[in-house]
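The structure appears below as structure tokens.
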Amino acid sequence: NGAAPAGGEPEVCASDEFGCAKIPAGQTVKIGMGAPMTGDYASFGVDISQGAAIAVKDAGTVEGFAFELVAQDDQGAPEGGAAVANKLATDPTVVAIAGHIFSGATEAAIPVYDKVGIPMMSPSATNPPLTTLGSKVFNRVAFTDAVQGKFAADYLYSKLGFRKIAVLHDGGAYGQGLADVVRAEFTALGGEVVGYEAITPGETDYTATLSALAASAPEAVYFGGYVAEGVVLTNNMKQSGLENAVFFGCDGTFGAEFVAKTGANGEGAYAASLIPPESAAKLKFDADYLAAYGVGSGTLSPYTWSGYDSAAVLMAKVKEVAVLGSDGALYVPRGALVAAVRGTSGFTSITGDITCDAVGECNTAGPTFYIVKDGDWAQAEQ
Amino acid sequence: MKTVLEARQVSKIFGGLVAVNKVDLVVPEGSIASIIGPNGAGKTTLFNCISGFYTPELGDVLFNGRKIQGMLTDKVAAMGIARTYQNIRLFKSMTAVENVMVGFEPHLKHGWITAMIKTPGYVKEQKHIVNEASRLLHYVGLAGLGDNLALNLPYGAQRRLEIARALANQPKLLLLDEPTAGMNPQETDVMKDFIRQIRDDLGITIILIEHDMRVVMNISDQISVLDYGQKIAEGNPKEIQANPRVIEAYLGPGAAALSEKYRREKTHDA
Amino acid sequence: MEALRKKFSLTLPQNSIRIIRIIAALLLLALIIVRAMDVAAKSQFGADTWLRLSVSGLIIGGMYALIAIGYTLVYGILFMINFAHGEVMMIGTFGGYFVFEAFNAIQVSGADGNQLSFLNAYPVIAILLAFLAGMTIAALSGLFLEKFAYRPLRGAPRLVPLISAIGASIFLQNAGQLLFGPQRRQYINPVVLDRGIGWNLEVAGSTVVLTYTGIFSLILSAILMVGLYLLVQRTKLGRAMRAVAQDKKTAALMGINVDQIISRTFVISGALAGAAGVMWGIHNGLFNYYVGFLPGIKAFTAAVLGGIGNIPGAMLGGMFLGIVESVGPAVLGIDFQLKDVLAFTILILVLIFRPSGILGEALTEEKV
Amino acid sequence: MNKQSIQKSAASGMVFGIIVIFFALIGFTVVISGLIQKALGQSLGVGQMPSTSSFLIFLGLLGIWNGWRASRQDKHETLNTKKVLGRSTIAGLVAGVLVMVYALIVGVLDNRGINLRTYLSQLSSESVRFFLFNQTIVVGILIHVFYSTLMAVVGGFLALASERSRERVKSTRESIQKWSQDHWLGKLQGNPYVSYVLMGVVLLLLVLLPRTWGAYWNYVMGTVGIYVLLGLGLNIIVGFSGQLVLGYVAFFAIGAYTFALTTSPEPHNLVWNFWIALGVAVLAAALSGILIGLPIMRLRGDYLAIVTLGFGEIIRILLRSDILKDFTMGPRGVRNIAGPTLFGRSFTTDVDFMYLIILAVLLSIFLARRWQESSIGRAWLAISQDETVAQATGVNTQKYKLLALSLGAAFAGLGGALFASRNQFTGPEDHALMVSINVLVLVIVGGMGSIPGVILGAFTLKGLPEILREVENYRLLVFGALLVVMMIIRPEGLWPARRPKLEVPVGQDNEPVHLPATVGGEK
Amino acid sequence: MMLEVENLNVHYGAIHALKGVSFHLEEGEIVALIGANGAGKSTTLNTISRLNKPTAGDIRYRGVSIVETPPQDIVTKGIVQVPEGRRIFPKMTVVENLEMGAYIFSDRQRIEADIEMVFGKFPRLRERRKQLGGTLSGGEQQMLAIARGLMARPQLLLLDEPSMGLAPIIVEQIFDIISEINQQGTSILLVEQNAQMALSIADRGYVFETGKIVLEGDAGDLLEDPMVKEAYLGGG
Ligand SMILES: Nc1ncnc2c1ncn2[C@@H]1O[C@H](COP(=O)(O)OP(=O)(O)OP(=O)(O)O)[C@@H](O)[C@H]1O
Ligand SMILES: Nc1ncnc2c1ncn2[C@@H]1O[C@H](COP(=O)(O)OP(=O)(O)OP(=O)(O)O)[C@@H](O)[C@H]1O
Ligand SMILES: [Mg+2]
Ligand SMILES: [Mg+2]
């Protein structure tokens with residue numbers, strides 16, 4: 001499209017690499033999302049899409065056109081990611097993608113959006129190589145596992161002064177990636193990794209694995225994975241001879257759920273997050289979220305806020321580039337939008353300052369570390 | 001005369017039960033040998049030992065002079081021993097002709113690759129066995145029923161189909177386990193003649209387990225009687241019928257005498 | 001006769017395959033022992049660790065066993081794998097959870113006049129009611145499952161009910177998600193049965209905690225299993241169940257109401273799954289609509305391992321699987337990540353040597 | 001009305017009442033009403049509740065169905081106004097009252113400001129009010145009772161009317177049948193040329209469609225195609241030879257990973273030619289079929305099922321485990337897998353790939369059919385019906401079972417390689433238990449042992465959830481329910497297997513019985 | 001009148017297995033049903049036991065219609081079937097099988113006594129009391145099936161081919177037992193291939209052919225009937 005100067009098409013469209021998305025009057029501008037909405041990780045998809053939906057509500061309109069969020073179920077798997085991407089890419093009114101959620105699905109989806117020029121802003125796909133594939137469209141507000149892992153290892157070694165830690169992961173791409181980095185960095189710093197194990201996600205009893213680790217008496221247990229397993233591990237540590245070791249999680253284990261479900265066991269546990277502790281924007285969002293969905297933000301997954309942000313950035317950029325055609329339809333030049341998203345700089349939202357670099361890493365700040373104190377997350381000494 | 005099958009001191013034990021106890025059996029080529037005996041005497045078990053279902057704990061089974069005990073059933077079948085079952089066991093949802101064609105299996109030469117390419121040789125072989133199978137069906141009296149599923153055939157026809165399938169194995173020895181069970185006298189007579197015909201026409205040696213004395217006494221060349229796993233008598237029909245041990249353990253007074261007895265009782269009551 | 005016996009005991013098995021199999025089994029066993037001794041020699045694990053591992057294995061094994069019995073019961077009667085059994089357990093878990101939540105919300109004044117939640121004031125009643133609720137609702141769902149998804153398929157080819165069961169499983173899982181939301185929930189136990197507290201044993205210089213919840217689960221599953229075994233072996237209902245399992249038509253001729261017996265089997269199997277579900281919640285705490293899936297698969301494995309259709313087999317299989325999962329990797333010195341690999345490998349090995357499970361009857365001498 | 005009839009009506013009402021409540025609890029009422037509203041051409045804003053009228057339409061349809069079902073209790077009886085009125089009123093009332101009680105409870109709780117969503121995640125205040133038609137509780141529940149009864153009565157009378165007209169429908173159908181039999185169209189059936197023409201049309205569609213329907217449908221249909229491959233393969237194992245294999249995904253994984261590791265620059269940098277790698281993948285899968293099969297040939301039925309299930313899990317766990325990380329890339333999976341090339345040109349567009357898949361599917365159908373109709377197929381069938389007797393009839397069961405396993409595995413290997421190549425990525429999560437289950441489901445839903453059934457099954461299983469995307473989060477729920485319903489309605493599958501008829505030469509009755517040449521003593 | 005069957009019609013899908021069968025049985029009688037394979041004899045018995053549902057017709061037991069009675073209640077009314085093909089429970093021991101026969105009773109002592117009673121009739125079973133049913137020989141299974149039927153203390157016993165596959169001497173015993181049971185007051189509906197024997201102990205008989213009754217009469221008359229003689233009594 002874009003070749004034949006149709007009815008009311010503005011000029012930018014003809015010159016745009018990918019042409020324009022045309023949204024006829026009366027329709028909505030769609031922000032797509034591929035997320036696991038069913039299956040074991042449904043809570044991530046449901047939560048992040050709900051966060052994004054609030055962003056859509058907050059975004060108002062562009063030239064009188066409303067935004068709409070279309071969240072499709074990719075089950076977090078590559079196969080589903082590709083299917084959803086193909087589906088969304090064929091809808092002419094989808095202009096940008098706030099997603100996908102899991103790295104595997106995202107990786108399968110990137111080539112599809114690359115072909116048609118739909119920019120992505122993933123709230124949670126943290127696998128480092130995603131931004132090294134040379135994609136123009138892929139960006140993320142989450143920091144990569146490599147960055148986080150390095151910070152975490154450093155924090156454990158220098159700040160907390162540990163010399164003997166055990167590293168655990170959930171056997172997934174995300175968790176294992178983190179665990180590998182932490183192990184390498186911690187060893188490089190001079191510490192000793194006395195145990196390295198993977199657990200099977202989805203189980204509710206890891207005492208056996210932990211008991212085996214306890215035999216080598218680590219000072220801390222680093223865990224790369226998600227909150228569900230993090231909670232179980234933290235609770236099980238007390239019965240497995242690890243009552244004196246510190247649980248050190250990642251951004252996957254951050255969130256209200258961790259505190260709620262670990263109770264006293266969770267005191268003193270660490271996690272990382274990309275959100276700053278408090279801000280007016282965050283407070284407002286938290287209130288809106290609770291009102292809309294009846295659960296607190298961060299309860300279903302630790303990525304509620306990035307869900308909001310990724311959609312918010314995209315819609316802000318749509319507003320920048322969209323042009324109202326003479327036929328009353330809205331035209332969104334796709335190539336321009338791709339460039340605009342990549343060029344994001346200093347966009348301030350809940351998770352702080354969003355500035356994208358040349359490959360699409362949009363989180364410039366490193367992680368903030370948190371510790372559970374008196375039953376709530378508090379910013380740890382940085 | 002040449003011996004087709006020889007059992008030497010064959011024994012089969014289930015837990016504590018000696019189901020077949022040191023049985024000797026010699027079956028000459030071209031004969032019809034019957035095995036009779038009370039229920040639970042071990043007849044079917046002996047068949048199972050011969051056809052490879054069971055490995056006897058003791059003793060040898062020789063087929064044409066070769067030891068066959070311990071062989072898998074398909075090997076035994078390929079060597080030339082075919083059988084039917086006391087409780088009919090057909091491939092129920094295959095057609096009659098297909099049931100028979102399965103019987104040709106040990107003699108097929110073509111495999112999955114030639115079947116995939118449909119080489120002329122394969123096609124010819126298949127044509128050949130369809131023809132042979134339908135001729136066999138015709139032979140056992142099931143002409144025209146080839147396309148019926150086995151489970152839809154009447155009982156008697158199923159018995160015949162089992163025999164046809166066994167014949168398709170091109171056996172030298174055929175084991176029939178109660179072929180006339182559940183048949184009425186008329187049907188039984190037909191089956192009896194048919195068994196004899198198989199032997200006469202095809203020269204196949206037959207071992208027969210049967211409880212119907214009209215059949216056994218009529219067509220057997222040799223009768224062996226088992227009781228509690230042991231062979232208690234052997235001989236031709238005349239000898240067996242007169243053997244007091246057999247009468248006591250197995251034969252009883254005979255059907256005619258019995259029905260006479262009931263009739264008397266009834267008239268007595270009335 | 002005597003002579004025969006003697007000779008028999010002297011003759012070697014003539015089946016050479018069997019000899020090979022036995023040799024292979026011995027070799028494998030030797031390999032495992034050597035490996036285990038090797039690991040033990042340089043192992044850093046003390047007696048405390050071994051105790052912890054075994055206890056955790058026993059507890060999880062007990063729950064597997066309980067769920068496995070449900071599989072085995074239904075399989076025994078309908079020769080069908082009730083794939084939705086794990087979901088029945090999930091429903092039971094929710095049942096118990098809501099009772100706990102309700103009792104947590106009710107405030108009563110305790111003996112010393114303090115305001116206490118009902119749960120803490122009357123923990124025994126609360127736990128009993130939670131089990132009652134979990135087992136009842138799970139039993140009911142088993143009943144409905146049978147009525148709507150399986151009964152219309154009586155007499156259909158064997159795999160058809162399996163697919164129906166898979167469908168039911170997908171349906172129930174998603175219904176669970178939609179009804180109660182995708183988030184994980186947590187059992188808030190009465191204080192006396194708090195997770196993490198228990199008897200502290202001093203072993204090899206360190207404290208091993210035998211949690212109350214764990215011991216409680218273990219004892220309860222043992223009681224339920226023994227009860228079920230007695231039910232099936234000793235009662236009329238049990239005998240009727242066995243009869244229906246073997247021949248439905250003839251069972252009807254004995255005056256047995258076949259449909260009713262099948263329904264009752266589902267009720268019992270559901271109730272056991274429900275009990276396992278509530279136990280799961282009490283012992284492990286966290287759960288969501290997905291809680292039944294993994295234990296379901298594991299329990300199914302356990303049932304087969306023990307010989308599917310065989311109740312003591314299911315118990316044995318469940319316990320065995322639980323112990324292999326938690327102790328096995330440590331014994332053999334492999335990653336815990338591979339515990340399922342170990343479990344399935346053992347399953348395969350067992351079935352190679354005993355094709356119908358540990359306690360299943362041998363198939364080799366089928367009567368024809 | 002007798003007692004039994006009243007009971008039946010009440011039971012029907014009960015079931016429908018429960019259904020409505022269940023729908024409300026899972027939020028289905030809102031979604032369906034929204035769909036109805038959209039279908040009526042009215043727009044629905046984001047986060048907006050659908051209009052009350054669309055909800056009324058939805059409830060009305062359910063109510064009518066309720067009345068219909070309650071009225072037609074027995075096929076053999078004739079209905080009359082009195083019966084219908086009585087039954088449908090009872091059914092409607094019972095359903096209405098049930099729903100009323102539910103609405104009352106949630107309405108009151110919600111009014112008190114209790115947040116129901118803590119426990120029942122779909123029950124927001126908005127949706128509760130929506131369920132009460134945005135009226136006060138009293139008015140809302142009264143509407144429910146009244147409306148449910150009314151619609152049930154409507155449904156009852158519809159049933160009556162349809163019965164009156166059924167005779168007419170029946171005679172029309174008969175005359176159409178008769179016409180089509182007499183007419184040339186009817187005669188065409190069974191004409192071999194017709195099937196050629198049909199085949200031609202299908203082929204034409206297969207050539208044209210991938211070019212026209214766009215990337216999304218190519219992707220979806222490509223997935224369907226790959227599942228057809230898998231289905232055909234599993235059908236050989238389960239359908240033809242009767243071995244229940246629940247770990248089919250193991251072969252799929254072996255195919256995918258063999259292909260991936262031999263063509264990807266990472267981790268081994270082999271970068272083989274596409275076609276060679278494809279062949280190797282197929283062979284590797286087939287070989288693994290034999291290797292797995294050898295030790296477990298003695299197992300039957302569900303034991304085989306669980307062993308293979310375990311095997312599938314072992315493969316998946318190993319693929320993602322730390323010990324094989326350097327060899328298989330662990331949980332991250334292998335990326336940059338090669339796409340197909342031909343004469344130096346790479347053809348990796350969605351259309352090209354679709355053609356490749358179509359080609360593979362056609363080839364597989366051809367092969368599967370050949371085997372099924374051959375003596376191999378016959379031996380498999382015999383084994384699947386009675387293994388013991390098949391063996392005693394001289395069938396080398398071990399050989400044939402292994403053959404089925406490895407041929408079926410080869411298909412899976414092909415499917416896996418194509419899958420990996422198309423996604424240019426494969427990871428352990430692509431090879432989860434659910435794949436095995438899905439393939440088994442499609443084989444049985446289609447009709448076990450039936451090749452057209454497999455194809456239909458693949459469309460149903462992989463296509464249906466895509467179509468059901470309209471109902472968003474409810475798609476798997478609906479899918480599960482449909483699976484159950486489908487099995488109940490058509491237990492033998494959508495397209496059941498039929499044995500091909502053999503041309504049996506019927507012996508003439510007067511023909512003398514002469515002996516088959518090969519039968520009996522070859523002296 | 002103990003049992004009246006009137007115009008019974010049974011379909012298996014498209015197969016019309018019984019086409020309007022009517023017969024009756026008086027208290028204390030032995031009535032034999034004979035006929036070729038597939039004539040519908042077993043179907044008749046199964047329909048009386050309500051394992052099949054008739055498409056038309058009525059069955060009255062002591063004047064009360066039992067076509068709507070579920071199978072388990074038929075047994076409690078005193079109608080017990082010994083099915084064709086033995087059908088003992090293969091994984092239960094002989095004793096357990098017998099106990100299943102007495103399922104409708106719960107009086108342990110009475111059941112024990114009944115077991116002793118049937119062991120008296122079938123000493124062979126006593127020898128095998130602990131053996132699993134499935135491993136019994138064919139004849140032993142048949143004895144067990146009849147013995148199990150007796151355990152329910154039938155008033156009307158439906159016997160489906162009790163002599164099938166039995167050694168001649170056992171056949172004799174079985175018929176002895178049948179006539180003994182009958183003399184002790186149990187009415188018997190007997191399906192047999194062995195028409196000679198059946199008609200000798202029966203009072204009356206009916207001849208089935210393809211789903212219909214083609215001949216009926218006193219057993220003695222039937223034995224003399226030329227058609228019966230030719231088709232069902234054989235030459236020997
Ligand atoms: N379950 C069934 N499904 C379909 N057809 C059946 C079924 N049972 C019996 N039939 C058919 O009904 C007819 C009557 O069968 P039935 O078993 O009553 O005969 P029978 O007189 O008892 O014969 P037999 O002497 O062989 O026992 C036969 O044609 C048989 O094929
Ligand atoms: N697999 C087995 N396990 C245990 N015992 C068995 C097995 N097979 C047979 N038996 C027992 O062995 C004995 C012989 O049985 P078999 O079937 O050979 O008898 P039969 O002579 O064929 O009798 P019938 O004429 O009644 O068929 C019987 O007592 C039977 O119970
Ligand atoms: Mg026998
Ligand atoms: Mg019969």
Side-chain angles (χ1 to χ4, degrees), chain A residues 36-47 168-171 176 194-217 226-229 231-232 235-243 257 260-265 293-296 299-301, chain C residues 43-46 48-57 59-60 63 170 173-174 177-178 181-186 188 194-198 206-211 213-214 280-281 283-291 293-295 298 322 325-330 335-340:
Chain A
M37 306 297 281
T38 57
D40 202 8
Y41 289 106
S43 61
F44 283 82
V46 170
D47 185 42
L168 274 177
H169 65 84
D170 67 353
Q176 195 212 33
V194 293
Y196 182 90
E197 282 271 7
I199 55 164
T200 312
E203 297 190 343
T204 39
D205 181 5
Y206 298 119
T207 43
T209 315
L210 289 170
S211 301
L213 280 183
S216 48
Y226 297 107
V227 69
E229 288 76 27
V231 167
V232 180
N235 286 335
N236 285 168
M237 275 167 71
K238 298 286 174 287
Q239 307 146 32
S240 315
L242 283 168
E243 52 275 4
E257 187 179 4
K261 309 244 151 107
T262 52
N265 295 333
Y293 303 110
V295 283
T299 312
L300 297 182
S301 85
Chain C
S43 170
Q44 67 275 51
F45 297 148
D48 53 334
T49 309
W50 290 119
L51 184 60
R52 282 196 195 102
L53 292 177
S54 335
V55 168
S56 120
I59 295 166
I60 187 96
M63 291 191 217
I170 296 175
Q173 233 178 58
N174 282 276
Q177 182 199 334
L178 291 162
Q183 69 268 35
R184 297 211 174 211
R185 293 164 182 278
Q186 193 171 31
I188 313 244
D194 200 21
R195 274 179 296 282
I197 61 163
S206 100
T207 322
V208 177
V209 189
L210 297 183
T211 56
T213 56
W280 194 275
H283 180 61
N284 293 323
L286 285 183
F287 72 100
N288 66 356
Y289 64 92
Y290 209 65
V291 65
F293 187 76
L294 272 179
K298 290 285 173 58
E325 273 187 6
S326 37
V327 185
D335 284 0
F336 268 89
Q337 189 184 19
L338 301 181
K339 68 183 165 64
D340 288 350

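Reminder, nothing fancy here: chain letters follow the sequence lines and each chain counts from 1. Below, each value reflects all heavy atoms present in this structure, side chains not excepted, and no hydrogens, waters or symmetry copies.
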Requested in this report: Find the distance between CG (A:Asp205) and CD (C:Glu325) and round it off to the nearest 0.5 Å.
Outcome: 9.5 Å
Query raised in the report: In Å, rounded to the nearest 0.5 Å, how long is the span from OG1 of C:Thr49 to CG of A:Leu210?
Result: 11.5 Å
Query raised in the report: Quick one: side chain to side chain donor-acceptor pair (under 3.5 Å) partners of C:Arg184, sequence neighbours excluded?
Result: none
Query - Choice from A:Lys238, A:Glu197, A:Glu243 maximising heavy atom contacts with chain C below 4.5 Å - result: A:Glu197
Query - Interface moiety of A:Pro36 toward chain C, non-hydrogen atoms closer than 4.5 Å - result: neither
Report task. Identify which of C:Asp48, C:Val209, C:Asn284, C:Ile188 forms the greatest number of heavy-atom pairs closer than 4.5 Å to chain A. Result -> C:Asn284
Query raised in the report: Excluding sequence neighbours, so at least two apart, what forms side chain to side chain donor-acceptor pair (under 3.5 Å) with A:Lys261?
Result: A:Glu257
Report summary line: From the list A:Gly45, A:Ala198, A:Ser216, A:Ala214, the residue making the most non-hydrogen contacts under 4.5 Å with chain C is A:Ala198
Query - Interatomic spacing from CG in A:Asn236 to CZ in C:Arg52 - rounded to 0.5 Å - result: 12.0 Å
Query raised in the report: In terms of heavy-atom proximity below 4.5 Å to chain C, should A:Thr200 be classed as side chain, backbone, both, or neither?
Result: side chain
**Report entry** Closest approach of A:Ala42 to C:Gln177 (non-hydrogen atoms, all atoms of both residues)
**Finding:** CB-NE2, 3.5 Å
Query raised in the report: Say you draw a straight line from OG of A:Ser43 to OH of C:Tyr290; how long is it, rounded to the nearest 0.5 Å?
Result: 12.5 Å
Query - Pairwise distance CD1(A:Ile199) to CD(C:Gln337) - rounded to 0.5 angstrom - result: 10.0 Å
Report summary line: Under 4.5 Å to a heavy atom of chain C? For A:Val227 that would be neither
Report summary line: Turns out that what part of C:Asp335 lies under 4.5 Å from chain A's heavy atoms comes down to both
Report task. Please flag which part of A:Asn235 lies under 4.5 Å from any non-hydrogen atom of chain C: side chain, backbone, both or neither. Result -> side chain
Requested in this report: Please look at C:Gln186 and chain A and tell me whether the side chain, the backbone, both or neither of the residue comes under 4.5 angstrom of a heavy atom of that chain.
Outcome: both
Requested in this report: Locate the shortest heavy-atom distance separating C:Leu53 from A:Ser211; write the atom from each residue and the value.
Outcome: CD2-CB, 4.0 Å
Query raised in the report: Measuring heavy-atom distances to chain A, does C:Tyr289 have an atom under 4.5 Å in its side chain, in its backbone, in both, or in neither?
Result: side chain
Report summary line: So, the part of A:Ala264 with a heavy atom under 4.5 Å from chain C: the answer is neither
Requested in this report: With a 4.5 Å cut-off on heavy-atom pairs, point out which of A:Thr207, A:Thr209, A:Leu300, A:Asp47 contacts chain C the most.
Outcome: A:Thr209
Query raised in the report: Relative to chain A, which segment of C:Leu294 carries a heavy atom at a distance below 4.5 Å: side chain, backbone, both, or neither?
Result: side chain
Report task. Answer with side chain, backbone, both or neither: which region of A:Met37 has an atom nearer than 4.5 Å to a non-hydrogen atom of chain C? Result -> backbone
